[in-house]
K.L.:
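My structure is below; once you've seen it, I'll send some questions.
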Amino acid sequence: MIKWVYSFGADQNEGSTGMRNLLGGKGANLAEMASIGLPVPPGFTITTEVCTAFYDNQQRYPDDLTAQVNDALARVERAVGLRFGDRANPLLVSVRSGARVSMPGMMDTVLNLGLNDDTVEGLAAAAGDPRFAWDSYRRFIQMYGSVVLDVDHHLFEEVIDQIKLETGAIEDTSLSADDWRHVVAEYKALVAEKTGKPFPADPHEQLWGAIGAVFGSWENQRAITYRRLHDIPAAWGTAVNVQAMVFGNMGENCATGVCFTRDPSTGENMFYGEYLVNAQGEDVVAGIRTPQPLSKSVAKPDEIPLETAMPAAYAQLLAVRETLEQHYKDMQDIEFTVQSNKLYMLQTRNGKRTAAASLRMAVEMANDGLIDRAEAVRRVNPSSLDQLLHPMLDPAVPRTALARGLPASPGAATGTVVFSADEAESRAAKGEAVILVRIETSPEDIHGMHAARGILTTRGGMTSHAAVVARGMGRPCVAGAGEIRVDYMAQTLSTGGHTIQVGEVITLDGATGEVFAGSVPMIEPALSGDFGTLMEWADGCRRMGVRANADTPMDAETARKFGAEGIGLCRTEHMFFDPERISAVRQMIMAPDERGRRDALALLLPFQREDFRRLFTIMAPLPVTIRLLDPPLHEFLPHADSELAEIAQALGTDMETLHRRMAELAEANPMLGHRGCRLAITFPEIYETQTRAIIEAAVIVRRDNIDVRPEIMIPLVGAAAELARLRDLVVRTADAVLKEAAATIPYTVGTMIELPRACVTADKIAAHADFFSFGTNDLTQTTLGLSRDDAAKFLGEYVRLGIYPSDPFVTLDQEGVGALIQQAVRLGRQAKPGLKIGICGEHGGDPSSVGFCHTQGFDYVSCSPFRVPIARLAAAQAVLREIRAKAAAPQPEVAR
Ligand code: PEP
Ligand code: MG
């Protein structure tokens with residue numbers, strides 16, 4: 001018999017943290033918390049395998065599920081001494097979804113399940129409080145009605161608003177038992193009207209309805225979107241947790257709250273959270289009442305912290321905080337309820353955090369001995385470093401403050417205001433930077449939050465949906481800016497006499513919570529402290545070098561600041577586009593013969609020499625790989641007649657000749673045309689001049705006693721004979737220059753491997769190369785037969801359909817391109833043991849591609865300067881993964 005249901009709490013813990021794939025994160029951790037002695041109300045988890053079986057089997061449950069659920073429910077009844085559906089002593093339960101990773105797109109929670117017109121009386125009697133019982137009952141119908149029966153939740157709010165109007169009440173708390181009884185009647189009528197059926201009174205029917213809704217929500221649109229954005233496979237499924245209710249709304253000695261064991265925004269080691277007296281869980285997240293802080297030390301004068309209001313429960317919570325961090329060795333995100341001054345734990349999980357917090361916590365936990373340094377390096381997601389490397393608002397620039405909310409997710413963002421997630425998505429798709437402004441966000445808004453540069457809400461706290469999701473996505477967010485009024489109808493936001501229309505620009509500072517009119521200039525971040533420490537630890541782990549792709553002195557300086565260990569790719573064509581030089585470049589291209597080309601190249605030589613001199617100086621003593629000219633020549637030519645006329649004049653020729661030459665250069669498929677090393681096969685003087693410029697620059701720099709290590713790289717080689725000829729040209733030229741200068745400077749000559757033919761003949765190519773650098777942009781283009789310039793139009797659909805797991809121009813296609821790389825590395829090193837191998841395509845800064853390069857024995861990766869720290873960390877993590885895998889691998893048997 002397959003076990004579909006696992007119990008937890010009241011001394012029967014069948015699950016543990018390690019079982020999250022089967023029990024979901026929530027279920028696994030409830031069992032774990034209960035087993036380490038924390039106060040968890042008893043319950044049970046229906047496994048993710050039930051979800052998978054449900055969808056594999058035309059949405060039918062396994063046969064023996066009902067019996068297993070009934071057994072587990074009977075155990076809970078015995079444990080708490082109540083009975084499900086019992087008139088006198090009713091057991092009420094909560095039903096919550098819980099996948100392996102938390103998924104805001106899914107049905108979340110139904111509380112107070114088991115109430116009906118009979119059991120509500122039992123609850124009232126047991127609690128000695130009819131108001132509480134009827135309030136719980138209406139909450140149940142409201143939650144169940146909206147999340148299970150799909151009745152619009154605003155309709156329920158309208159019923160309450162109406163009764164408040166009739167009774168003159170302002171707060172929910174001033175409504176009486178009779179008022180709530182009246183609301184219940186209205187709610188039931190509303191449900192009957194909207195669904196065509198009476199609200200289910202049978203607790204078992206309620207329970208199976210809620211379980212069905214959880215499994216159903218796994219395939220709703222929001223969950224599907226969330227899974228797509230976070231690479232979560234549909235096959236994982238969700239679990240369902242059913243747990244005995246505890247009540248945070250049973251009086252003034254009851255409360256509910258959420259907290260983090262450390263500050264999730266900054267990582268500071270302080271207890272951080274919010275609670276509400278006499279409330280249930282959803283009240284905190286919904287932002288209807290203003291939550292209060294936990295500790296005295298952070299409370300403002302008008303706030304009442306839990307520490308003051310319920311000292312005993314606060315003390316229990318502090319002890320739990322300590323226990324949980326020691327046990328999980330990570331920052332925990334906790335949900336709790338206090339019922340009659342007694343604390344109950346409803347959830348714990350590793351808390352979502354900003355990149356800054358993740359970094360700080362990893363370093364501090366390692367320094368405190370909670371985790372080791374390797375674990376600290378493992379903890380930080382390399383891609384999240386992007387958040388830290390991004391600009392922030394320039395404090396020196398004056399600005400117009402509109403309002404201030406909560407600093408919910410750091411970083412600064414400027415963009416045009418939009419008021420709906422759909423509009424955010426559609427404008428962003430056209431390249432517009434947008435700020436999504438909402439009163440509050442909900443899981444329906446995830447696609448818009450993802451598309452937006454920043455998010456602003458006028459309601460909700462640091463644990464509101466907007467805040468949590470934005471932090472997870474790395475979007476700057478200001479939440480709960482209560483002074484701002486948003487009018488969705490008029491498409492405006494107004495505050496302090498300002499009115500901003502849709503489409504106008506605002507700027508957010510997610511680190512301070514400020515909102516500004518217009519755009520505010522930004523500055524580069526300073527990298528120090530914890531960042532430097534973690535990078536140092538990462539550098540201590542990694543084997544591969546990390547270089548940068550840099551074409552200009554500014555790029556080179558940024559690269560060094562971020563810890564690059566050399567330049568892995570300098571694309572010399574970028575130097576050709578400089579306005580001062582373009583005319584000489586065009587003369588070179590248009591020249592009718594070699595003589596004319598050499599004349600024009602002679603004009604370019606001093607410019608190039610100076611460029612290289614500066615790069616060598618900045619990077620010394622690190623290696624600099626300079627790639628000789630790559631793009632097709634016609635890319636440098638103008639199209640406007642006025643510009644052509646200028647060239648004609650400079651060359652002393654006529655427009656007709658020029659047009660003829662243009663026609664000769666035109667190609668139907670230039671990416672596969674006369675570019676890369678093919679240019680130098682036909683016009684060797686181009687590479688000859690570039691080599692001369694490189695070596696002359698090296699000689700100048702060397703004279704100043706600067707260590708210089710030029711690496712000359714030849715692009716788009718497909719045949720060994722191409723490289724043989726061009727290597728010969730480069731070496732002859734370089735040696736001649738060195739001889740003229742009576743200098744000895746070591747230099748190397750290598751090639752890019754960016755064509756499939758080069759991969760499969762890499763042994764022959766290696767004979768003429770000192771190094772290989774994989775140009776995975778072109779290699780992806782040519783292996784997949786996908787244009788790197790045009791494929792974006794349809795690649796999204798390919799990824800959505802799962803044809804490719806991700807965009808192959810972003811994350812290396814290991815199955816296809818990776819197989820070619822593997823072959824090229826094997827053949828190359830077979831022919832030349834110790835051949836130096838690197839990568840300089842965009843993938844060199846993508847963490848999973850960096851991981852792949854490590855497994856293939858690369859010597860280095862090279863990426864854009866801003867991605868250098870990401871690559872450093874990813875390269876370190878690759879080593880740590882390898883160590884773990886080796887440790888986990890079965891040891892070979894020793895022969896006796
Ligand atoms: C490549 O093709 O991966 C590469 C680095 O060269 P480029 O992008 O300049 O073609
Ligand atoms: Mg290329």
Side-chain angles (χ1 to χ4, degrees), residues 546-552 555 559 564 566-577 624-636 667 669-680 686-687 690 711-719 722-723 726 750-759 762 765 769 771-792 807-814 816-818 820-821 824-825 836-846 849-850 852-853 856 858 860-868 871:
V546 176
R547 300 188 182 189
N549 296 351
D551 310 329
T552 63
D555 285 351
I567 290 180
L569 173 64
C570 166
R571 292 176 163 106
T572 51
E573 54 271 18
H574 293 181
M575 300 165 163
F576 279 47
F577 278 110
V624 176
T625 306
I626 294 167
R627 180 180 74 187
L628 303 181
L629 196 65
D630 185 9
L633 294 180
H634 72 88
E635 278 197 9
F636 299 97
E667 292 178 307
N669 207 341
M671 268 297 184
L672 300 179
H674 196 193
R675 59 169 283 216
C677 65
R678 298 160 197 168
L679 289 172
I686 300 179
Y687 281 12
Q690 288 195 292
E711 299 180 341
I712 300 172
M713 181 155 79
I714 297 178
L716 217 75
V717 164
E722 287 173 314
L723 187 60
L726 295 174
T751 181
M752 295 190 68
I753 301 287
E754 45 187 349
L755 294 175
R757 193 182 192 286
C759 293
I765 291 176
F771 61 88
F772 281 179
S773 178
F774 284 92
T776 44
N777 303 332
D778 275 312
L779 189 57
T780 300
Q781 167 165 265
T782 49
T783 302
L784 278 71
L786 275 179
S787 160
R788 56 193 269 196
D789 301 309
D790 304 314
D807 181 338
F809 290 105
V810 175
T811 299
L812 196 80
D813 159 38
Q814 293 185 15
V817 179
L820 282 170
I821 291 177
V825 171
K836 188 162 74 174
I837 292 179
I839 179 176
C840 62
E842 288 309 303
H843 306 90
D846 168 68
S849 313
V850 171
F852 173 79
C853 294
Q856 300 306 307
F858 278 41
Y860 68 90
V861 297
S862 186
C863 56
S864 73
F866 270 96
R867 299 194 74 84
V868 164

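In what follows, residues are counted from 1 in the order of the sequence shown. Values below: all heavy atoms of this structure, side chains included; hydrogens, waters and symmetry mates excluded. Order of appearance sets the numbers: ligands from 1, and atoms from 1 within every ligand.
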K.L.:
Among all protein heavy atoms in this structure, tell me which lies nearest to atom 6 (O) of ligand 1, with the distance rounded to 0.1 Å.
P.N.:
Arg627 NH1, 2.9 Å
K.L.:
Just which atoms of ligand 1 are under 4.0 Å from any heavy atom in Asp778?
P.N.:
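So the answer, numbered in order with elements, is 1 (C), 2 (O), 3 (O), 10 (O).
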K.L.:
Just which atoms of ligand 1 are under 4.0 Å from any heavy atom in Met752?
P.N.:
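Going through ligand 1 atom by atom, the ones under 4.0 Å from Met752 are 4 (C), 5 (C), 6 (O).
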K.L.:
Spell out, as yes or no, whether a donor-acceptor pair under 3.5 Å connects the side chain of His843 to the backbone of Pro808.
P.N.:
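Judged by distance alone, yes, a pair lies under 3.5 Å.
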K.L.:
Mark yes or no for whether Ser849, through its side chain, and Leu812, through its backbone, hold a donor-acceptor pair below 3.5 Å.
P.N.:
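Indeed, once roles are kept as given, a pair shorter than 3.5 Å links the two residues.
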K.L.:
What atoms in ligand 1 come closer than 4.0 Å to a heavy atom of Leu569?
P.N.:
5 (C)
K.L.:
Assess Asp630: does it contribute an N, O or S atom lying under 2.8 Å from the Mg ion (ligand 2)?
P.N.:
no
K.L.:
Within the 4.0 Å heavy-atom shell around Arg571, which atoms of ligand 1 are there?
P.N.:
4 (C), 5 (C), 6 (O), 7 (P), 8 (O), 9 (O)
K.L.:
Mind listing the closest non-hydrogen atom pair of Gly845 and Arg867 along with its distance?
P.N.:
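It is O-NE, 2.8 Å.
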K.L.:
Kindly indicate, with the supporting measurements, whether the criterion side chain to side chain contact (heavy atoms under 4.5 Å, CB included) is fulfilled by Ser862 and Ile567.
P.N.:
CA-CA 7 Å; Ser862 186; Ile567 290 180; 6.0 Å; no
K.L.:
Counting from 1, what ligand 1 atoms have a heavy atom of Gly775 closer than 4.0 Å?
P.N.:
1 (C), 2 (O), 3 (O)
K.L.:
Before moving on, can you tell me the angle at the Mg ion (ligand 2) between the OE1 atom of Glu754 and the OD2 atom of Asp778, to the nearest 10 degrees?
P.N.:
100°
K.L.:
Would you mind telling me if ligand 1 is within reach of the side chain of Thr776, the backbone, both or neither, using heavy atoms under 4.0 Å?
P.N.:
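Looking at Thr776 and ligand 1, just backbone atoms fall under 4.0 Å.
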K.L.:
Which one of Met713, Glu842, Arg788 has a non-hydrogen atom at the shortest distance from atom 8 (O) of ligand 1?
P.N.:
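Among Met713, Glu842, Arg788, the closest heavy atom to atom 8 (O) of ligand 1 comes from Arg788.
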K.L.:
Scan Leu628, Leu726, Ile626, Val624 and name whichever one has a side-chain contact (heavy atoms from CB on, under 4.5 Å) with Ile712.
P.N.:
Leu628
K.L.:
Would you say Gln781 touches ligand 1, if touching means a heavy atom closer than 4.0 Å?
P.N.:
no
K.L.:
Can you find an N/O atom of Glu573 closer than 3.5 Å to an N/O atom of ligand 1?
P.N.:
no
K.L.:
Apply side-chain hydrogen bond (donor to acceptor under 3.5 Å, both in side chains) to the pair Thr625 and Arg547, showing each step before the final yes or no.
P.N.:
CA-CA 10 Å; Thr625 306; Arg547 300 188 182 189; 2.9 Å; yes
K.L.:
Given that the side chain starts at C-beta and the backbone is N, CA, C, O, which of these parts of Asn549 lies under 4.0 Å from ligand 1, counting heavy atoms, or is it both or neither?
P.N.:
neither
K.L.:
Quick check: are there more than 12 heavy atoms from other residues, nucleotides or ligands sitting under 6.0 Å from CZ of Arg788?
P.N.:
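It does: Arg788 CZ has more than 12 such atoms within range.
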K.L.:
Give the atoms of ligand 1, by number and element, whose distance to some non-hydrogen atom of Cys840 is under 4.0 Å.
P.N.:
5 (C)
K.L.:
Looking at every non-hydrogen atom in both residues, tell me the closest pair between His634 and Pro670 and how far apart they are.
P.N.:
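Looking at all heavy atoms of both residues, the shortest contact is NE2-CB, 3.6 Å.
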K.L.:
Name the closest protein heavy atom to atom 3 (O) of ligand 1, giving the residue it belongs to and the distance to 0.1 Å.
P.N.:
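Result: Asn777 N, 2.7 Å.
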K.L.:
May I ask you to say whether Glu635 pairs ionically with Arg675, meaning some side-chain N is under 4.0 Å from a carboxylate O?
P.N.:
no
K.L.:
Is Asp555 salt-bridged to Arg571, going by a charged N under 4.0 Å from an acidic O?
P.N.:
no
